[in-house]
Enquirer: 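Quick one: this structure, given as structure tokens, is what I'll be asking you about.
Proteins get letters first, then strands, A, B, ... in listed order; numbering begins at 1 in each.
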Amino acid sequence: MATTQLRIPSDHRFLEPAQVLIERIGRIAGVEEDELTSLSIAVMELVKNGMEHGNGLDPEKRVSIAMEALPGRVVVEVEDEGSWVPAEGIGLEPAEGEALMADRGRGILIARNLARWLDFSLSPEGRTRVTLIWPLS
Amino acid sequence: MATTQLRIPSDHRFLEPAQVLIERIGRIAGVEEDELTSLSIAVMELVKNGMEHGNGLDPEKRVSIAMEALPGRVVVEVEDEGSWVPAEGIGLEPAEGEALMADRGRGILIARNLARWLDFSLSPEGRTRVTLIWPLS
Amino acid sequence: MKIAEDLFDDIAVIRLSGKVIGGPELVEVKEAFQSQVNHDRRNVLLDLGGVTWMDSSGLGVIVSGHTTISRAGGTMKILNATKKIHELFIITKLITVFETYTDEKEALESFQA
Amino acid sequence: MKIAEDLFDDIAVIRLSGKVIGGPELVEVKEAFQSQVNHDRRNVLLDLGGVTWMDSSGLGVIVSGHTTISRAGGTMKILNATKKIHELFIITKLITVFETYTDEKEALESFQA
Ligand SMILES: Nc1ncnc2c1ncn2[C@@H]1O[C@H](COP(=O)(O)OP(=O)(O)O)[C@@H](O)[C@H]1O
Ligand SMILES: Nc1ncnc2c1ncn2[C@@H]1O[C@H](COP(=O)(O)OP(=O)(O)O)[C@@H](O)[C@H]1O
């Protein structure tokens, strides 16, 4: 089965349609019914980051979401138009103390904890690409 | 606002997710609430043709749906991996007599009648491209 | 999409609901029509009242059901096509082929006439 | 997303429902918290029972509401976080900051204690 791909402008109004699509494609790919919400939360954290941090909410810039079902797993790639290299170990540990009450900074932590595997790279064109792997049971 | 694009494998299971997305993107683009169903019917006729006739339901081949909101209209482009040149005047008139009771052959007629404008061309790569224009009131 | 069936004397009412969008589910609808013929039921009322979405594939399967039932000497009529679906029957001129009703009692009685 | 408000004596119950997904609607939630402070209401119970989807943006706005209300000398507690949302509170360790309840009566009474 070929990859399903969605590209949306960096505008918050497109988040909900994307979330709905991700769950439906996840279902077709074989993700369990009660895991679909977690899948879409994890992916949408990355999509929102792409829109906000990668593309600065410029509606002329797009975020791409590619989903592919492979044996035993679904691979999701989220790309934006920036070229970001994250700090080592980003989102591995929850904030502590003062930082616990920050307004933001929980997206990657959540995506990492919900998915089995998260990886940051640059696409061949040098763009920020976050790869998420969702295991199928 | 940049174009929204969805690419799906040629498999009937992806029709419903695409239909849902088209209505949501149509809503964002300014299509009236009571026209969203007609919009999605028109576009899905083209998507189904791309899957079935253009791509022969080969799940490795994809159909692409691009939607862009322009002043006063939404432009939708549906592309498949074939290179089809339709007969002049296709889908302009409903079938008559015997042909009225055929199992198929109503898709383009319906798309043409629901949308304001339908056009067939080949993309720069030589692929079947159907362009549909939906007026915004 | 869901298919339900009711039987009123010798009239079979087939009720479709949800989205009739294509693929394997259309085969199910086809089979529902064929099954009436297999059970020697000649009066079929197709209730589209619960159908929220349908396109030309749905029309195709309805036309083919109509043909199957007519060939067996029966009649298929349509109940409660929503405005959007009625529009599809008009665009395709299929409105000239099907008797359509918006009242179930009236539709059922029409088979007796 | 929808926001509804109930007042029980001096306890404001803010009920969120639907998808809390980001963008302008988060500003609305923020304003709902601010409005409690403006009206001098210090006891706020946030009912998440109807929330079908939420991510870190939703958490962020809840944390900022908690801070706003605490600074004004008040307390915010959480009611009926679904299993999925509860999981987010655990992952982020916010569970150590918020008192959470699954029974509205009990939650309301806890402000009296
Ligand atoms: N796609 C991206 N492009 C650029 N920077 C990013 C991207 N994703 C995340 N970041 C950076 O990593 C930080 C942490 O991201 P995250 O954990 O999702 O929290 P939040 O987005 O709420 O700040 C962001 O604040 C941002 O600086
Ligand atoms: N994307 C396409 N690629 C190749 N042929 C097409 C395509 N779209 C339509 N056609 C041809 O045009 C005919 C009419 O299409 P349509 O009116 O949608 O009816 P149907 O698909 O039910 O046959 C099809 O049967 C097919 O031969």
Enquirer: Does atom NE2 of H86(C) have more than 12 heavy-atom neighbours from other groups under 6.0 Å away?
Expert: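 No, the 6.0 Å shell around NE2 holds no more than 12 heavy atoms from other groups.
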Enquirer: List the atom of K93(C), the atom of P94(B), and the distance in Å for their closest heavy-atom pair.
Expert: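 Shortest heavy-atom separation between K93(C) and P94(B) comes out as CG-CG, 3.8 Å.
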Enquirer: For chain B, which of K19(C), H66(C), K83(C) has the most heavy-atom pairs under 4.5 Å?
Expert: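 Winner by heavy-atom pair count: K19(C).
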Enquirer: Quick one: which of E93(B), R104(B), E16(B) has the most heavy-atom pairs under 4.5 Å with chain C, could you say?
Expert: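 Heavy-atom pairs under 4.5 Å are most numerous for E16(B).
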Enquirer: Does atom CG (N38(C)) have a neighbourhood of more than 12 heavy atoms from anything else shown, all under 6.0 Å?
Expert: yes
Enquirer: What is the distance from atom CD1 of I90(C) to atom CG of N113(B), rounded to the nearest 0.5 Å?
Expert: 11.0 Å
Enquirer: Measure E96(B) against the heavy atoms of chain C and call it side chain, backbone, both or neither at under 4.5 Å.
Expert: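 Only the side chain of E96(B) comes within 4.5 Å of chain C.
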Enquirer: Would you mind checking which part of A111(B) comes under 4.5 Å of any heavy atom in chain C, side chain (CB onward), backbone (N, CA, C, O), both or neither?
Expert: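 Neither the backbone nor the side chain of A111(B) comes within 4.5 Å of chain C.
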Enquirer: With a 4.5 angstrom heavy-atom cut-off, is it the side chain or the backbone of R106(B) that approaches chain C, or both, or neither?
Expert: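 Interface part for R106(B): both.
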Enquirer: Where do S57(C) and K48(B) come nearest, in terms of heavy atoms and distance?
Expert: OG-NZ, 2.5 Å
Enquirer: Does a side chain donor of either S40(B) or W53(C) reach within less than 3.5 Å of an acceptor in the other side chain?
Expert: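 Looking only at side-chain atoms, W53(C) and S40(B) do form a donor-acceptor pair, the distance falling under 3.5 Å.
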Enquirer: Between K84(C) and chain B, which part of the residue has a heavy atom less than 4.5 Å away: side chain, backbone, both or neither?
Expert: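 K84(C) touches chain B through side-chain heavy atoms alone.
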Enquirer: Could you tell me whether the side chain of E87(C) reaches within less than 4.5 Å of the side chain of L114(B), counting heavy atoms only?
Expert: yes
Enquirer: Of the non-hydrogen atoms in I91(C) and L109(B), which two are nearest, and what is the gap between them?
Expert: O-CD2, 3.6 Å
Enquirer: Counting only heavy atoms closer than 4.5 Å, note whether D34(B) contacts chain C via side chain, backbone, both or neither.
Expert: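 Only the backbone of D34(B) comes within 4.5 Å of chain C.
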Enquirer: Where does Q19(B) contact chain C at under 4.5 Å (heavy atoms): side chain, backbone, both or neither?
Expert: side chain
Enquirer: Specify the closest pair of heavy atoms between I21(C) and L15(B), including all atoms of both residues, with the distance to one decimal.
Expert: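 Minimum heavy-atom separation between I21(C) and L15(B): O-CD1, 3.6 Å.
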Enquirer: Side-chain contact, heavy-atom cut-off 4.5 Å: L59(C) with I110(B)?
Expert: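 The answer is yes; the side chains approach within 4.5 Å.
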Enquirer: Contact part of V63(C) toward chain B, heavy-atom cut-off under 4.5 Å: side chain, backbone, both or neither?
Expert: both
Enquirer: Quick one: which of I41(B), V47(B), V43(B) gives a side chain to side chain contact (heavy atoms under 4.5 Å, CB included) with D55(C)?
Expert: I41(B)
Enquirer: Do T52(C) and T37(B) make a side-chain contact, defined as non-hydrogen atoms from C-beta onward lying under 4.5 Å apart?
Expert: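 Side-chain contact under 4.5 Å: no.
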